[in-house]
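See below for the structure under consideration.
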Amino acid sequence: MVRKAGVDPLKFLEVLTESMFSAPVYKTYGAMIAADNFEPVGFKLPLGFKDNRLLQAAAEEASVPMPMVSLMHDRFVAAWRKDGKRGLGSRRTSRL
């Protein structure tokens, strides 16, 4: 959405990581995603997809709505359809 709105992804990342998302994980992975850098694969797509399905099942069992989990499930399905056979990482879901 950031790119589609004409916002520089690196500038957007800077705003986020210099305010409420200052943890190193946001800075590291955020910079990689903003630069379209999906290598090296740190967490393979099938593992992220598996974790997402486990969280979704647990939420259903507890009757807890988790709309972001459902959204990410759809992104994992699309990423798997597009790139799953190549062993890409779960960061790939950011570019669908």
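If you're wondering where the values come from, they're calculated on a predicted model, not measured in any experiment.
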How does the hydrophobic cluster around [X] look, that is, which other residues are in it when side-chain heavy atoms under 4.5 Å mark a link?
{"X": "L13", "answer": "none"}
{"X": "L10", "answer": "none"}
{"X": "M66", "answer": "L55, V64, V69"}

So K27 and E18, side-chain contact (heavy atoms from CB on, under 4.5 Å) or not? Walk me through it.
CA-CA 9 Å; K27 292 181 179 187; E18 296 302 321; 4.0 Å; yes

Mind checking salt bridge (charged side-chain N to carboxylate O under 4.0 Å, His left out) for K11 and listing every partner two or more places apart, or none if nothing turns up?
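K11 satisfies salt bridge (charged side-chain N to carboxylate O under 4.0 Å, His left out) with E14 only.
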
With V15 via side chain to side chain contact (heavy atoms under 4.5 Å, CB included) - residues at least two apart
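With sequence neighbours excluded, V15 shows a side chain to side chain contact (heavy atoms under 4.5 Å, CB included) to no residue whatsoever.
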
Got H73 and F49 here, is their nearest side-chain heavy-atom distance under 4.5 Å?
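Yes; the side chains approach each other to less than 4.5 Å.
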
When you group the ILVMFWY residues by side-chain heavy-atom contacts below 4.5 Å and let the links chain together, are V7 and M20 in the same group?
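In one cluster with M20: V7, yes.
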
Rounded to the nearest 0.5 Å, how far apart are CZ of F76 and CG of D51?
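F76 atom CZ to D51 atom CG measures 8.0 Å (nearest 0.5 Å).
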
